[in-house]
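Contents: one structure, followed by commentary.
For this chain, numbers begin at 1 and follow the sequence in order.
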Amino acid sequence: MDADRAIAIINTVLAPKSLNSVQIQIIGGVIAGDSYQKIAGTKVNSILAKLPPSGANSPISNRSGKTERLQAGEYQTAYIKETAARLWLSLSQRLGQKVTKKSLAAVLVWYVKQPEAKLAEVPALLPNNNVGRCAADWSTVNQHPGVETALRFYGRTEELTTLTDWCLHERCRLILLIGMGGMGKTTLAWKIAHQLEGHFDRTIWRSLLNLPPICELCADLIQSLSPPPRLDLPDSVEGQIELLIACLKRDRCLLILDNVESILAGQVQSGQYLIGYEGYDRLFRAMGELPHQSCAILTSREKPQTIARSQIVNPQLVRSMTIDGMTSAAGHQLIQSYGCPQLPPQMWQEVHKHYGGNPLALKIAAITAVEITGGGEKVLELYPMIERGQLQFRNIDDVLCRQFERLSDIEQQLVYWLAIEREPVTGVQLRSNLVLHSASGEIINALQSLSRRCIIVNRERTWSISPVMITYTIGRSIDRFVTELGTCALANAPTTNLQQHFSHLNTYAIIQEKAQDYLRQIQIKSILRPILDRLLKSWDNRVDLCQHLRQILSQWQTLEPPPCGYLAGNILNLLIELEPSCTD
């Protein structure tokens with residue numbers, strides 16, 4: 001490698017035109033194999049003639065401000081050594097490799113083989129003190145309706161403080177914001193991005209809602225960091241990821257990737273990627289494990305397995321934050337901003353508990369309550385329905401439905417049982433409820449998966465779900481019970497197919513036989529009676545419905561061997577509640 005090439009490379013590594021005449025003289029001498037003493041006595045050579053005037057004639061002073069030039073082009077050896085040491089230190093910090101007089105040429109040869117060396121040819125990617133910082137690209141931010149609520153941002157002080165510390169002081173490379181749908185992950189990401197914008201060279205927001213293939217996303221991000229002329233990108237995913245990491249290493253960027261759950265597979269254990277999207281595993285792993293000076297914030301309803309692994313490998317630089325419900329005070333401010341009156345403390349505590357502080361649920365409830373009642377103090381009339389768990393709004397159910405239907409079969413079974421139990425239970429209790437007893441390992445894996453999806457809460461070795469999730473799941477379960485017990489139940493269920501047709505009725509108990517009395521009363525009130533109320537709409541009288549239920553039980557008893565499960569007990573409980581005389 002000759003001196004001209006070495007100077008050109010170092011200029012791109014540090015900053016254009018950042019080398020002064022002494023540094024250039026040192027580089028030329030070192031590449032030529034000269035000693036510091038010889039370099040000190042060398043006249044300014046032809047290399048300097050190629051510099052712009054501002055570089056070649058810059059003043060050279062020591063720490064005391066006194067000029068170290070002895071005569072035209074000559075310097076003291078000690079000064080040359082000191083200047084060289086500072087130059088080697090700067091290069092070492094920028095390249096991540098130790099640079100010395102002896103290793104300079106070898107390190108530069110190594111550097112030109114790295115992906116970031118390609119970026120050095122694009123001037124727009126290099127630091128430029130004449131261009132304002134904080135260029136922002138919010139191309140897809142408006143794809144998410146949650147950003148609208150950023151104008152009504154309440155609370156989250158603790159979360160913002162922690163994220164600021166992680167991004168600026170601890171210099172985390174990868175941060176995951178995880179939480180149930182509607183918890184405000186996107187809004188929080190929007191808030192922190194705007195709050196920290198001045199601390200980054202670039203801020204880029206992308207949504208994964210439309211499932212961009214990994215190569216498409218990488219190409220988009222690389223080109224966003226490199227204005228025209230466009231770069232010729234590598235064909236391979238690995239090559240594009242390397243080039244993107246080089247961009248994140250070159251500039252200090254804040255990158256937000258929203259809706260990461262969109263590229264994760266549903267109905268399997270949490271955190272697995274959709275077929276064809278496995279490249280995101282490599283991208284997230286590279287962001288967390290390879291050195292760079294940027295920060296990527298992801299939002300998701302479930303934790304990708306990549307993040308779970310990276311947190312173990314590199315816990316200081318890869319973090320995750322679970323976004324729970326808003327505080328009571330912040331939630332009360334939010335619903336008032338949508339036209340609800342200030343609620344009495346006890347009433348508000350019940351409302352806040354029912355919706356688990358979920359900002360989207362509170363927003364929908366507030367807007368709908370105002371629409372139904374006309375607003376003002378009339379909103380208070382809905383409180384008894386909320387207290388009984390009878391007030392659930394369709395838009396909230398839509399959010400919960402999308403998350404529920406991503407669950408695997410065993411995960412759905414556990415959530416149904418947690419809704420029936422209503423109170424925190426142990427894993428052993430859950431396993432004992434299952435008709436087909438699954439292995440303990442399978443239950444543990446399913447509970448861990450549900451935890452990573454933010455569906456369940458684990459406290460003191462017990463598991464539970466939020467009140468709003470209980471209400472939704474019970475409603476879903478009642479729909480299944482009513483469908484299976486409907487007027488066409490026996491006609492559509494030949495004897496050979498009874499178990500399949502009545503699968504829900506046989507898999508879950510309407511009332512738990514060994515439950516405490518108060519819980520049995522809640523199950524009667526919230527599950528059994530709503531089932532009967534809906535069934536009675538399809539029969540002229542109770543006697544006909546009793547006869548229909550008895551026919552189902554009679555056919556079920558013909559099965560050999562008798563199936564294990566809850567169907568017989570469920571039918572009997574329905575008959576007892578429907579009419580005590582029906583059981584005579």
- prompt: Say you draw a straight line from CG of L430 to CG of L418; how long is it, rounded to the nearest 0.5 Å?
  reply: 5.0 Å
- prompt: Can you tell me if R476 and Y416 form a side-chain donor-acceptor pair at under 3.5 Å?
  reply: yes
message: Between N458 and Q448 (side chain of the first, backbone of the second, donor and acceptor by atom type, cut-off under 3.5 Å), is there such a pair?
response: no
With S320, the side chain to side chain contact (heavy atoms under 4.5 Å, CB included) member among L176, L177, L174: L176
query: Quick one: CD1 on I263 to CG on L211, what's the gap to the nearest 0.5 Å?
result: 8.5 Å
- line: When I576, L578, I511 are each screened for side chain to side chain contact (heavy atoms under 4.5 Å, CB included) with L528, the one that passes is I511
message: One thing to verify: whether K537 and D533 come together as a salt bridge, which I'm taking to mean a side-chain N less than 4.0 angstrom from a carboxylate O.
response: no
- prompt: Would you say the side chains of Q429 and T426 form a donor-acceptor pair under 3.5 Å?
  reply: yes
query: Can you tell which of R406, Q267, R453 makes a side chain to side chain donor-acceptor pair (under 3.5 Å) with E411?
result: R453
- prompt: Are E421 and N433 linked by a side-chain donor-acceptor pair shorter than 3.5 Å?
  reply: yes
query: Considering only heavy atoms from C-beta outward, does the side chain of H332 approach that of Q342 to under 4.5 Å?
result: yes
- request: Please report the C-alpha distance between I241 and C218 in whole Å, then the side-chain angles of each, then the deciding distance to 0.1 Å, and finally whether the side chain to side chain contact (heavy atoms under 4.5 Å, CB included) criterion is met.
  value: CA-CA 7 Å; I241 291 175; C218 286; 4.0 Å; yes
- prompt: Quick one: do the T299 and D258 side chains pair a donor with an acceptor below 3.5 Å?
  reply: yes
- prompt: How about L450 and L407: do any of their side-chain heavy atoms sit closer than 4.5 Å?
  reply: yes
- prompt: Is the closest side-chain heavy-atom distance between P212 and Y280 below 4.5 Å?
  reply: yes
query: So do the side chains of N358 and V468 get within less than 4.5 Å of each other, counting heavy atoms only?
result: no
query: Run the salt bridge (charged side-chain N to carboxylate O under 4.0 Å, His left out) check on D281 and R309 step by step: do they pass?
result: CA-CA 11 Å; D281 176 82; R309 291 194 302 266; 2.6 Å; yes
- line: CG (L283) and CG (L257) are apart, to the nearest 0.5 Å, by 7.0 Å
Residues which pass ring-ring contact (aromatic ring centres under 6.0 Å, His included) with Y273, listed by chain and number, not counting sequence neighbours: none
message: Strictly distance-based, threshold 3.5 Å: is any side-chain N or O of K185 a donor or acceptor partner for the main-chain N or O of I178?
response: no
- request: Would you give the length of the straight line joining atom CG of L532 to atom CG of L575, rounded to the nearest 0.5 angstrom?
  value: 9.0 Å
message: Side chains of Q523 and Q512 only: does a donor on one sit below 3.5 Å from an acceptor on the other?
response: yes
task: Report yes if the side chains of E302 and C454 come closer than 4.5 Å at any heavy-atom pair, otherwise no.
output: no
task: Take L188 and L163 through the test side chain to side chain contact (heavy atoms under 4.5 Å, CB included) and record every step on the way to the result.
output: CA-CA 10 Å; L188 181 60; L163 288 173; 4.0 Å; yes
message: Can you tell whether the side chains of E170 and R319 come within less than 4.0 Å, N to carboxylate O?
response: yes
field: Presence of salt bridge, R156 and E159, under 4.0 angstrom
entry: yes
field: Partners passing side chain to side chain contact (heavy atoms under 4.5 Å, CB included) against Q516 (at least two apart in sequence or in another chain)
entry: Y518
message: Could you tell me if the side chain of I204 sits less than 4.5 Å from the side chain of I256, heavy atoms only?
response: no
message: Are C253 and T203 packed together at the side-chain level, in the sense that at least one heavy-atom pair is separated by less than 4.5 angstrom?
response: no
message: Please check this pair: side chain of H504 against backbone of D479, looking for a donor-acceptor N/O pair closer than 3.5 Å.
response: no
query: Are the side chain of T462 and the backbone N or O of R459 linked by a donor-acceptor pair below 3.5 Å?
result: yes
query: Run the side chain to side chain contact (heavy atoms under 4.5 Å, CB included) check on S300 and L264 step by step: do they pass?
result: CA-CA 10 Å; S300 182; L264 301 179; 4.2 Å; yes
Any Y566 side-chain heavy atom under 4.5 Å of N573 side chain: no
query: Just how far is it from atom CG of L221 to atom CG of L248, taken to the nearest 0.5 Å?
result: 8.0 Å
- line: The reported gap from CG in L505 to CZ in F481 (rounded to nearest 0.5 angstrom) is 6.0 Å
- prompt: Is there a donor-acceptor contact under 3.5 Å linking the side chains of Q349 and S328?
  reply: no
Any residue meeting ring-ring contact (aromatic ring centres under 6.0 Å, His included) with W166, in chain and number order, not counting sequence neighbours: none
message: Looking only at side-chain N and O atoms, does S408 offer a donor or acceptor that is under 3.5 Å from a partner on Q269?
response: no
message: Under a 3.5 Å threshold, yes or no: a donor from one side chain and an acceptor from the other, between S224 and R206?
response: yes
